[in-house]
Asker: 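Before I ask anything, here is the structure I am working with.
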Amino acid sequence: MGKIALLVSREEMLHQAHNILQEKKYEISEMRVIKTEDAVSEARRSIGAGASIIIARGLQASLMKQYTDIPVVEIVITAQEMALLVNKAKQILKNETPVIGVVGFRNMFCDMSYFDLIYGIEMRTYFADKSHLLEDIARQAISDKVDLIIGGDTAVSIAGEAGLPSLFLSNTEDSLRNALSMAESMDYAMGIEKRNAAQIETLLDHSFSGVVRLDASGTIMDLNPMMEDILQIKKEEVLGKAACEIFPELGKDFGKEPYSLFMEINRSSVFAVVAPVVIDQRTEGAILTCHRMKKRRSLEPDSRGKSLAKGFIALGEFDDILQESQAMQECLRLAKLYALSEKAVMIEGEAGTEKRLLAQSIHNAGLQKDGPFVALSCDGIGDEGQFDMIFGDKGAVAQAKGGSLLLEEVQCLTRSNQYRLCQLIRYKSRLGKDGVRDPGADVRVMVTTDVPLSELAEDGAMREDLYYLLIGLTVRIPPLRERKEDLERKLTESLRSCCEHYSRFHVLTHGARKLLLNYSWEGNLLQVESFCERLILTANKRSIDEGFTELVIKELYPRSHNPQEGKDQEDHAGEKPVPEEAKKIAETLLRFGGSREETAKALGISKTTLWRKRKKYHLK
């Protein structure tokens with residue numbers, strides 16, 4: 001229990017307190033009579049002696065509230081005590097409807113709104129805000145022709161000088177008992193709050209997670225030692241700052257439901273949870289919890305150097321990826337969450353999108369970032385070649401030990417090597433040609449594809465078990481045509497880079513820029529880069545207009561390569577001609593009764609290539 005100090009202006013109030021304490025319901029650690037001019041210093045003296053709550057009255061209480069930082073319980077005259085004074089005044093005045101002036105500080109009195117009606121008097125109140133105004137308002141009461149003044153020492157003295165009857169504003173034990181009861185209730189509540197605060201503080205101080213407390217505006221109110229360690233900054237340096245300054249990924253609107261996000265803090269990968277503090281359907285702040293991802297076991301001292309020497313290192317970071325568009329921001333949000341896992345990740349995207357860069361970013365934000373990053377393509381290599389390059393004794397799996405392996409164009413993987421990839425992902429083992437397992441294949445697998453694996457699984461071109469192992473953590477990179485903001489920035493950066501490289505200065509007209517923004521860009525980033533190179537090198541005017549831009553597009557990309565232009569061709573020239581290759585594939589499919597395997601074999605292509613060409617020519 002805390003200590004309660006009673007500081008009052010009159011000796012009789014101490015006697016009342018002693019009488020109350022005989023009831024043994026209350027405890028007061030200190031009781032003193034003090035002068036008003038010493039109220040603040042006396043209160044500070046009691047605080048220094050350990051007082052946690054002070055009981056006082058009138059101006060003394062107001063001064064203590066203003067200049068100290070502990071709770072002050074005010075002694076308020078009760079309605080019953082005020083009624084006794086009114087009755088005594090009526091006896092003195094012997095008047096049917098006396099005019100009684102009440103002089104003092106507002107915080108000393110109970111509600112007296114209906115006293116006039118109840119007691120048949122006219123009550124006028126004169127409340128001072130500051131002590132030096134007491135004399136003035138007492139004289140104002142005399143000037144207003146009140147019949148009697150009820151007040152403290154000052155008011156009574158002024159009334160005496162004017163020859164006006166007065167009553168000292170004395171209280172009974174009731175008001176003091178109420179104040180003691182309130183002080184003990186407050187002390188009990190403060191005790192509970194202190195215990196809860198101590199428990200929470202202990203919990204936070206010894207938590208393995210960083211914790212930040214934010215107010216409704218997103219301002220940092222507090223943080224624990226672990227958060228200081230994660231930020232590598234002292235609490236005092238961030239208190240009062242906007243959270244979005246310290247955590248750029250964090251928005252200002254917390255909502256009403258908890259949510260998670262991934263953040264990079266001081267080159268460390270952090271998983272964060274934002275839990276809004278909601279009171280009466282209003283968000284009053286939030287608690288941000290940050291958990292630093294565990295680091296994998298360090299590699300051998302020279303393994304990092306060997307990886308660098310062999311070029312097995314990922315240079316890409318999430319910040320390197322164009323992400324102005326909401327579609328790409330959602331893609332990266334998922335990718336950052338997937339970085340927390342060690343399971344296989346499948347990255348889908350058209351040719352020319354940031355598939356490898358995204359894989360590098362996931363690697364560098366994940367638990368394997370200190371290990372090697374090995375990437376190779378499965379396309380254009382036969383079964384034996386794939387085995388040697390991926391699963392052989394000196395293959396990619398062995399080279400990527402302790403790190404990440406990126407298999408590009410995974411849809412081109414042969415059936416036998418698909419099975420080996422299943423074993424690698426599921427059991428962390430490398431399966432040799434003789435069926436012997438090497439269990440030490442600690443590798444995080446990532447794959448890329450520009451073909452929906454679900455269709456390949458339906459066609460039998462991909463093992464179902466591999467499909468289900470890969471499909472869990474899938475992230476799709478939207479094409480540039482679905483990311484207008486990213487496309488616009490890429491065009492701007494590529495054109496500027498080309499101009500700087502060739503010491504030229506060209507600008508696009510509004511029409512030319514609109515044409516480029518509406519083009520489909522099936523080759524995505526790579527196509528934009530090569531197109532801008534051609535455009536800048538061949539431009540003979542400073543201002544590049546729509547006509548010249550369209551001419552370059554027609555020269556580089558036949559209409560059939562642009563869906564929109566192909567549609568325009570059909571609209572203006574009737575039905576689009578069917579290419580010879582499409583006819584040959586359709587005839588072969590028909591000859592083998594729709595068998596994709598036999599058709600692919602007869603055409604001398606893989607089933608994956610057959611799938612692509614069927615999609616290209618819209619063949620069923």
Side-chain angles (χ1 to χ4, degrees), residues 312 338 341-349 355-356 359 362-363 368 371-475 595-601 603-612 614:
F312 296 154
Y338 294 167
S341 173
E342 296 182 72
K343 300 297 183 183
V345 173
M346 180 168 69
I347 303 172
E348 292 183 351
K355 296 193 288 291
R356 179 178 286 205
I362 291 173
H363 169 83
Q368 300 81 10
F373 177 84
V374 181
L376 56 87
S377 174
C378 303
D379 195 14
I381 310 173
D383 186 75
E384 288 288 327
Q386 286 182 357
F387 172 80
D388 291 337
M389 288 185 64
I390 302 172
F391 303 102
D393 291 340
K394 295 183 179 180
V397 174
Q399 299 286 354
K401 184 177 180 181
S404 300
L405 170 64
L406 173 64
L407 296 179
E408 298 176 303
E409 308 297 333
V410 71
Q411 71 273 7
C412 297
L413 206 60
T414 62
R415 295 280 296 188
S416 59
N417 288 317
Q418 287 180 26
Y419 175 71
R420 293 186 177 93
L421 184 58
C422 282
Q423 303 304 301
L424 175 65
I425 294 173
R426 190 170 185 184
Y427 302 112
K428 297 289 184 184
S429 63
R430 181 167 58 90
L431 191 63
K433 290 182 181 179
D434 53 5
V436 176
R437 296 177 183 272
D438 177 4
D442 183 15
V443 174
R444 203 279 175 78
V445 175
M446 289 184 274
V447 302
T448 70
T449 177
D450 58 0
V451 177
L453 297 191
S454 58
E455 297 188 24
L456 292 178
E458 289 177 8
D459 290 348
M462 173 163 283
R463 295 176 60 96
E464 285 195 12
D465 50 0
L466 178 59
Y467 167 71
Y468 288 116
L469 280 172
L470 294 175
I471 199 68
L473 301 184
T474 300
V475 58
S595 171
R596 299 177 180 87
E597 188 171 357
E598 293 295 329
T599 300
K601 191 179 297 182
L603 293 171
I605 58 178
S606 68
K607 287 201 292 184
T608 302
T609 303
L610 175 61
W611 182 91
R612 282 198 188 124
R614 283 171 44 225

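All residue numbers refer to positions in the sequence shown, counting from 1.
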Asker: Shortest non-hydrogen contact from C378 to C412?
Answerer: O-CB, 3.6 Å
Asker: Taking the side chain as every heavy atom from C-beta outward, state whether L405 and L424 have any atom pair closer than 4.5 Å.
Answerer: yes
Asker: When you look at CZ of R426, are more than 12 heavy atoms from neighbouring residues, nucleotides or ligands closer to it than 6.0 Å?
Answerer: no
Asker: Would you name the heavy atoms of V443 and S404 that are closest together and state the gap between them?
Answerer: CG1-C, 4.3 Å
Asker: What's the spacing between E384 CD and T414 OG1 if we round to 0.5 Å?
Answerer: 9.0 Å
Asker: Looking only at heavy atoms, what is the nearest atom pair of T474 and Y338, with distance?
Answerer: O-OH, 3.2 Å
Asker: Measuring from I605:CD1 to L610:CG, what's the distance to the nearest 0.5 Å?
Answerer: 5.0 Å
Asker: Give, for atom CD of E348 and atom CE of M346, the distance between the pair rounded to the nearest 0.5 Å.
Answerer: 4.5 Å
Asker: Hey, are R356 and E408 close enough for a salt bridge, meaning a charged N less than 4.0 Å from a carboxylate O?
Answerer: yes
Asker: For T449 and Q411, test the side chains for any donor-to-acceptor distance below 3.5 angstrom and give the result as yes or no.
Answerer: yes
Asker: Could you tell me the separation between the CD atom of Q386 and the OG atom of S377, rounded to the nearest 0.5 Å?
Answerer: 9.0 Å
Asker: Taking the side chain as every heavy atom from C-beta outward, state whether L421 and L469 have any atom pair closer than 4.5 Å.
Answerer: no
Asker: Find the distance between CG (L407) and CG (D379) and round it off to the nearest 0.5 Å.
Answerer: 12.5 Å
Asker: Provide the closest heavy-atom pair for A457 versus Y467 in the form atom of the first, atom of the second, distance.
Answerer: CB-CG, 4.1 Å
Asker: Rounded to the nearest 0.5 Å, how far does CD1 of I425 lie from CZ of R444?
Answerer: 10.5 Å
Asker: Over all heavy atoms of both residues, which pair between M389 and I381 is shortest? Give the atoms and the distance, please.
Answerer: SD-CD1, 3.4 Å
Asker: Specify the closest pair of heavy atoms between M462 and V410, including all atoms of both residues, with the distance to one decimal.
Answerer: CE-O, 4.2 Å
Asker: With the side chain counted from C-beta on, respond yes when I471 and L453 share a heavy-atom pair under 4.5 Å apart, and no when they do not.
Answerer: no
Asker: Going by heavy atoms in the side chains, are I390 and R420 under 4.5 Å from each other?
Answerer: no
Asker: Do R415 and D383 have side-chain heavy atoms sitting under 4.5 Å apart?
Answerer: no
Asker: Less than 4.5 Å apart, any side-chain heavy atom of D442 and any of Q368?
Answerer: no
Asker: Decide yes or no for K394 and D388: does some side-chain heavy atom of the first lie under 4.5 Å from some side-chain heavy atom of the second?
Answerer: no
Asker: Under the 3.5 angstrom rule, does the side chain of H363 hit a backbone N or O of V374 as a donor-acceptor pair?
Answerer: no
Asker: Step through the shown structure and confirm whether more than 12 heavy atoms of other residues, nucleotides or ligands are within 6.0 Å of NZ on K428.
Answerer: yes
Asker: State, yes or no, whether a side-chain contact exists between F387 and N417 at a heavy-atom distance under 4.5 Å.
Answerer: yes
Asker: Are the charged groups of D393 and R430 less than 4.0 angstrom apart, N to O?
Answerer: yes
Asker: Could you walk me through whether D465 and Q418 pass the side chain to side chain donor-acceptor pair (under 3.5 Å) check?
Answerer: CA-CA 9 Å; D465 50 0; Q418 287 180 26; over 6 Å; no
